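Only one structure is covered here, and it is reproduced in the block below.
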Amino acid sequence: APYNPTHALFMASRCLYILVVRLDLPAAEAVAQATQWLDAIHANAVKARVLLVGTHADKLDGGAGFFTLNSTIAERGQAALTHVYTRLEHYLENSRLRLRAEAERLRAAMDELRAGDDADAAADGCPQLQRDIDDVEAAARATAVLDPARVAVSSTTG
């Protein structure tokens, strides 16, 4: 944890990030850890591509409900990883929607300022509001992308 602030120094756009998820953890814990890293990637690497890799597939049991007990390790791992992937995609889409809603809120504030009686306030406030809108819209477009074609599973034994 003390080195977390330095991670941003090593993040750049146009890179492929490998996000490793332990499939033997409870799904909520795995998703929470992954979203922490997705947020860091999104904040520091615009339009980054993320390869989601699930590990410890051989440690999965039938309790998660994603597969049957006679499934192969690869099938179990893929089912668990698909579950995590779906939750992460939902998280990223919610982030995009929140950012778009914030841009709309800022646009409404700018329209209200322009429609007001105080021309000086409009002249002073509109350029800053427009910069804020541009920043929020850029953040929405730059949200990290999980590539469904780049999902891999491995076990702890090989």
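In this text the structure is predicted, and so the values were computed from the model without any measurement.
Annotation: salt bridge (charged side-chain N to carboxylate O under 4.0 Å, His left out) contacts of E29 (sequence neighbours excluded): none. Remark: D111 pairs with no residue by the side-chain hydrogen bond (donor to acceptor under 3.5 Å, both in side chains) rule, at least two apart or across chains.
The two residues L99 and V136 have their closest heavy-atom pair at O-CG1, 2.9 Å. Considering all non-hydrogen atoms of both residues, A103 and I133 come closest at O-CG1, 4.2 Å. Closest heavy-atom contact between A30 and V21: CB-CG1, 3.6 Å. What you find for V20 and T55 is that their closest heavy atoms are CG1-CG2, 3.5 Å.
Here CE of M110 is found 12.5 Å from CZ of R105. Values are rounded to the nearest 0.5 Å. To the nearest 0.5 Å, the span separating CG on L38 from CD on E89 amounts to 9.0 Å. Atom-to-atom distance recorded for D135:CG and R131:CZ is 9.0 Å, nearest 0.5 angstrom.
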Inset, instruction - Go through the steps for Y91 and D39 under the test side-chain contact (heavy atoms from CB on, under 4.5 Å), then give the verdict. - result: CA-CA 10 Å; Y91 172 81; D39 286 344; 2.5 Å; yes

